[in-house]
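Just so you know, residue 1 is the first one in the sequence shown, and it goes up from there.
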Amino acid sequence: MAVWRFITRILPLVLFVGAVDKGNFKTCDQSSFCRRLRNISIDNSKYVLDLEALKVYDNVVEAQLKNTEADVTFKFSLQALAGDTFRMQVDEIQPLHPRYKVEVALEKDPEPKKIELLDRNNEQVSIKAGNNKVILKSNPFKAEFYENDQIAAIVNSRGLFQIEHLREKPAEGTEVEGQDPGAWEENFKSHQDSKPRGPEAVGVDITFPGALRAYGIPEHADKFALRTTGKGGLEPYRLYNLDVFEYELDSTMAIYGSVPVLYGHGPEHTIGVFWLNSAETWVDINNSKDANVVSSLVNLMSGTKTESRVDVHFMSESGIVDLFILMGPTFGDAIRQYATLTGVAPLPQYNTLGYHQCRWNYNDEEDVKMVIENMDIHDFPVDYIWLDIEYTDGKKYFTWDPIRFPHPLEMQANLTKTGRRLITIIDPHIKRESGYFVHEEALANGYYIKNKDGNVYEGWCWPGSSSYMDVFNPVVQDYFADLYSFERFKGSSDALYIWNDMNEPSVFNGPEITMPKDLLHYGGWEHRHLHNIHSLYTNLITYNGLMKRTPNKRPFTLTRAHFAGTQRYAAIWTGDNAAEWSHLVASIPMCLSEAVAGISFCGADIGGFFHNPDQELLLRWYQAAAWLPFVRAHAHIDTKRREPYLYSEDVQRRIRSALRQRYAHIPLWYTLFWEHSITGDPVIRPLVYHYPKDVNVVDIESQLLIGNSVMARPVTESQATNVNIYFPGGPTEIWYDIEDYRAFTGQGNVNLPVSLDKVPVFYKGGSIIPRKDRPRRASTLMHDDPFTIYVALDSNKSATGTLYVDDYETFGYKNKEFLYIRFDYKDNTLTSTFINKDASYPTKEWIERVVIIGAPKTIKHAKLVSKGLGTVKLETSYINDDKALVIRKPAVSLRETFTISLV
Ligand SMILES: *[C@@H]1O[C@H](CO)[C@@H](O)[C@H](O)[C@H]1NC(C)=O
Ligand SMILES: *[C@@H]1O[C@H](CO)[C@@H](O)[C@H](O)[C@H]1NC(C)=O
Ligand SMILES: *[C@@H]1O[C@H](CO)[C@@H](O)[C@H](O)[C@H]1NC(C)=O
Ligand SMILES: *[C@@H]1O[C@H](CO)[C@@H](O)[C@H](O)[C@H]1NC(C)=O
């Protein structure tokens, strides 16, 4: 929820002005440190690495790095880490104040790796770790990273490296030559930033030779492939968690989340860089493909081959230089290396992958009951119903409105009876009202964030005057986590999960709708040092609170703001989008950017939060959302009701079918989330992830892969009668339409006709996809349902796939209570094996059908062999013009392995 919907309720006339007010947010030129770092001239670095005193230890190289112009020396280290990663750190030797080092974002201390010294002389030192080599150059300082002897990334390639040493404030009235006027104090609109520590910015530039594109650094409402920014052109991509009302598309503006990991991708390799910094950050990108036509012509005339490359420049307001180089070489490797550092999403409950029905607001208990009843009457599956801020007693979190929600426990118990659960919102601002227990306790114990003078900070948010828990204080963390207990959050039960909104944090009357940077946190840190990681602490607290409250159930939290590591605690959504086709289009690249930045559990509000979607847009949105990891409909309080049962029979039928497709595929999503939790592989993937050498896919963002087996191309165009689809993989790759089993090869672009019923989705030949095809009202009611196994054959008539099952909600899997099954099909035989032979689960699930897509046309019947059933003859029949063969009723339990052979 954005600030303006609050204000618009007071001033209804300004509602739906329909565009972001850019004047509320800074440009790089309005920010002193961004101006300073962007103004460094290229190829003129004043940093020199002292190679003589450089020391090479087992896992780390240590040296001194000197700024020869300012005559300040810094400590430099380069560490090799397990999993083909390097970490470069630069900090002051004796800073005037300590510089902020980010905690919590890294899951644990990274494991070191052995370094070997290859060569050293006066100009450079070469070291090796595994297959990777680094050359450190002295003057000017540069660090070149080689993957298998191929240059992959160069740090300080253009000489933009900078670390501003902390210094005493010049006496009042002293002019410091060349100093930016905002270095010691700056104003934005009516807000003043007192900057007690003065300038302390850090920046680094990195070049990816051979790269065609850069991806990552969410969150932006922009393309998946990052665009060229630069002076006089696009603003740099900004990372500063902000509550932006009616955010604009195709924009590098900051919005709610900041994940500072970026990948340079070329056909040879994909290399990642993770800039671990929680201060406001801007990132300039220069992709050589965007260089102007003139220079390409010059190159053409002179016959020189221009090698493609991408240059990036990270600029942060404070902190140390802490840069991880993820050496790939594949996109998947680089993402897994990032996951090794910041962690993975733990396995969610199965039902969180179902459909979530939300609105600001469901008005009262009766409304909640009616919505669920109507969903049942009209046969729409739903697992969660959500309550936005109005459920509280006057915007006091951990309370209920006594008139509208007098029986919260009974309401939750009623929901549970039909297999549903509840989610309520808890925001980090606390209403300053005497008698409100949270406020009184926080005030009495000094738990609130302080302003620069040390008094409790007061800001304006939903409740009006509010203060904010200092989530960086360990005592506050315990206190806040405990508020989620049944004793403290009266009226909550284990059927209730949490939505953390407004945690950028959003402050309606603050600079850029957030906190002043000179507020003081625990440990004496200013808000500027840790702004972007604020939400991570709120999510950690919620996670810990839910774990303490219900230790045997997997917690669920949805968060709006996010940072590196958020995946360990929460799912995200793309915030307050709008009911416009362009916002539907953007939902795919936005979630793909999050997925490659470690946060797979992502979705966008179905229908668009602001404004009213027409029927076609709403329908297409459901159809698209069914193929993203998190599926939730949500709407602004001023929009018309839009629960799916309110539409015509035709629209209802199509939405129902989209949701049923989703529910049928939850076993696939669940298996992918399991695999993500083991390997860090993203659940959804851009085409370039699996087809890195195909230069045609580097900009494709209207299509996505679910795991490696499904490709979706949601229809996101109004009144589409056909859509363009790119089939990757070359002539031997086969893609089967999941509805009629029509086969396409990896032939490139195809124009496919689409009706309103059609969502182009394809199974890749060579995959096996487990499904539960019996429609139910909630996924919780499907736990024991049987599977249909879809076998999509490749050009060699083989296929493989996996299926993970357990009790779908507890931590039993940590005690090996699960089945992780691999299916292989070759030589006309389907075989199942257990991947984890030491795990077991007494599931009631069984296989009711096998569908073999692309099966030979001469099959008479099938034969099942298993220990429990012996040898059984099975009926088969062809469907869809013989495009697929159905094997009926194998009726074999998942608890035993089997083979099914075609005869
Ligand atoms: C930019 O750098 C030049 C010198 O390279 C300097 O003269 C100028 O004052 C700087 N501008 C700002 C805004 O810092
Ligand atoms: C991008 O880099 C090229 C050289 O590779 C340079 O000519 C161009 O000016 C740069 N563009 C921007 C916007 O900085
Ligand atoms: C719970 O369900 C019962 C039975 O339908 C109903 O009478 C009661 O009003 C419901 N309670 C709430 C809070 O919805
Ligand atoms: C089919 O088998 C051949 C030979 O083993 C192999 O090279 C090829 O990659 C396989 N094709 C597919 C689509 O897996």
Side-chain angles (χ1 to χ4, degrees), residues 1-2 5-6 8-10 12 15 351 354-378 380-427 429 431 433 435-438 461-464 483-484 486 488-502 556 558 576 605-607 609-610 612 632-647 777-778 780:
M1 288 180 293
R5 57 181 214 190
F6 171 83
T8 53
R9 296 182 69 191
I10 309 167
L15 183 65
N351 57 14
Y355 172 61
H356 298 255
Q357 182 68 53
C358 185
R359 170 174 186 85
W360 179 29
N361 214 89
Y362 288 118
N363 301 325
D364 51 23
E365 289 173 355
E366 183 62 17
D367 199 5
V368 169
K369 190 160 150 269
M370 290 308 294
V371 170
I372 292 294
E373 277 178 19
N374 274 309
M375 292 297 280
D376 282 345
I377 290 167
H378 296 85
F380 291 105
V382 54
D383 272 85
Y384 282 87
I385 188 157
W386 293 51
L387 295 178
D388 208 322
I389 49 174
E390 314 295 337
Y391 81 91
T392 58
D393 181 9
K395 316 292 189 297
K396 298 195 288 277
Y397 303 106
F398 305 104
T399 72
W400 301 83
D401 184 305
I403 313 288
R404 291 179 292 180
F405 293 93
H407 315 104
L409 286 173
E410 190 183 300
M411 176 174 67
Q412 289 157 62
N414 282 1
L415 285 169
T416 308
K417 274 183 212 146
T418 64
R420 276 58 176 251
R421 307 280 184 270
L422 182 70
I423 290 180
T424 60
I425 201 164
I426 300 279
D427 291 346
H429 50 260
K431 186 175 193 172
E433 181 180 285
Y436 173 31
F437 72 106
V438 180
C461 209
W462 294 126
L483 291 176
Y484 290 99
F486 299 133
R488 301 286 273 159
F489 188 2
K490 298 243 168 29
S492 68
S493 75
D494 65 358
L496 181 142
Y497 293 92
I498 299 299
W499 174 15
N500 286 158
D501 196 7
M502 311 296 280
F556 177 81
L558 182 72
D576 298 349
D605 283 347
I606 296 173
F609 176 70
F610 292 113
N612 297 300
R632 184 183 77 152
H634 186 36
H636 188 283
I637 197 165
D638 292 329
T639 59
K640 290 196 202 98
R641 292 292 285 245
R642 52 163 101 135
E643 288 70 33
Y645 49 79
L646 298 172
Y647 292 83
R777 293 165 170 195
T780 46

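Under the 3.5 Å distance criterion, the side-chain polar atoms of Asn500 are matched with a main-chain donor or acceptor of Ile426. A side-chain donor-acceptor contact under 3.5 Å links Thr416 to the backbone of Gln412. Checking side-chain atoms of Asn361 against main-chain N and O of Asn363 turns up no donor-acceptor pair under 3.5 Å.
Side chains of Asn351 and Tyr384: a donor-acceptor N/O pair is present below 3.5 angstrom, by distance only. Checking Trp386 against His356 by side-chain atom types alone, a donor-acceptor pair falls below 3.5 Å. When only modelled atom types and interatomic distance are considered, Tyr362 and Gln357 share a side-chain donor-acceptor pair under 3.5 Å.
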Checklist entry - salt bridge (charged side-chain N to carboxylate O under 4.0 Å, His left out) between Asp383 and Arg777: does it pass, once the steps are laid out? => result CA-CA 8 Å; Asp383 272 85; Arg777 293 165 170 195; over 6 Å; no
Item to check | Verdict with reasoning, Glu390 to Lys395, per salt bridge (charged side-chain N to carboxylate O under 4.0 Å, His left out) | outcome: CA-CA 7 Å; Glu390 314 295 337; Lys395 316 292 189 297; 3.3 Å; yes
Next on the checklist: Please evaluate residues Tyr397 and Ile389 with respect to the criterion side chain to side chain contact (heavy atoms under 4.5 Å, CB included), reporting the C-alpha separation (whole Å), side-chain torsions for both, the decisive distance (0.1 Å), and the verdict.
Outcome noted: CA-CA 8 Å; Tyr397 303 106; Ile389 49 174; 3.7 Å; yes
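With rounding to the nearest 0.5 Å, the separation of OG1 in Thr392 from CG in Leu387 is 10.0 Å. Expressed to the nearest 0.5 Å, how far CH2 of Trp360 lies from OG1 of Thr639 amounts to 10.0 Å. Here the OH atom belonging to Tyr497 is positioned 11.0 Å from the OG atom belonging to Ser492, to the nearest 0.5 angstrom. How far CZ of Arg421 is from CD1 of Ile385: 14.0 Å, rounded to the nearest 0.5 Å. Annotation: the span from Thr418 atom OG1 to Glu373 atom CD amounts to 9.5 Å, rounded to 0.5 Å. Distance OG1/Thr399 to OH/Tyr436: 6.0 Å, rounded to 0.5 Å.
At least one side-chain heavy atom of Phe437 sits under 4.5 Å from a side-chain heavy atom of Leu483. Side-chain contact between Trp400 and Met411 is present, with at least one heavy-atom pair separated by less than 4.5 Å. Contact check for Met375 versus Pro381: no side-chain heavy atoms found under the 4.5 Å cut-off. For the pair Tyr355 and Pro644, the minimum side-chain heavy-atom distance is below 4.5 Å.
The nearest pair of heavy atoms linking Met502 to Cys461 is CE-SG, 3.7 Å. Counting all heavy atoms, side chain and backbone alike, Arg642 lies closest to Asn612 at NH2-CA, 4.4 Å. The two atoms that bring Arg420 and Val382 nearest to each other are NE-O, 2.8 Å, heavy atoms only. Scanning all heavy atoms of the two residues, the minimum distance from Ala778 to Gly419 falls at CB-O, 3.9 Å. Taking all atoms of both residues into account, the shortest heavy-atom contact from Pro408 to Gly491 is CB-O, 3.5 Å. The two residues Phe609 and Asp605 come nearest to each other via the heavy atoms CB-OD2, 3.7 Å.
At a threshold of 4.0 Å, the pair Glu433-Lys396 counts as salt-bridged, since one of the basic side-chain nitrogens sits closer than that to a carboxylate oxygen. A salt bridge does not link Glu643 with Arg359: every distance from a Lys NZ or Arg NE/NH1/NH2 to an Asp or Glu carboxylate oxygen is 4.0 Å or more. With respect to the salt-bridge test (charged N to carboxylate O, under 4.0 angstrom), the residues Asp364 and Lys369 do not qualify.
Geometrically, Arg632 engages Trp499 in a cation-pi contact, judged by NZ or CZ lying under 6.0 Å from the ring centre and within 45° of the ring axis.
Classification of the Tyr645-His378 ring pair by plane angle, with boundaries at 30° and 60°, yields parallel.
Checked against a 6.0 Å centroid threshold, the rings of Phe398 and Tyr484 count as neighbours.
Between Ile498 and the choices Leu558, Thr424, Ile425, the side chain to side chain contact (heavy atoms under 4.5 Å, CB included) rule is met once, by Thr424.
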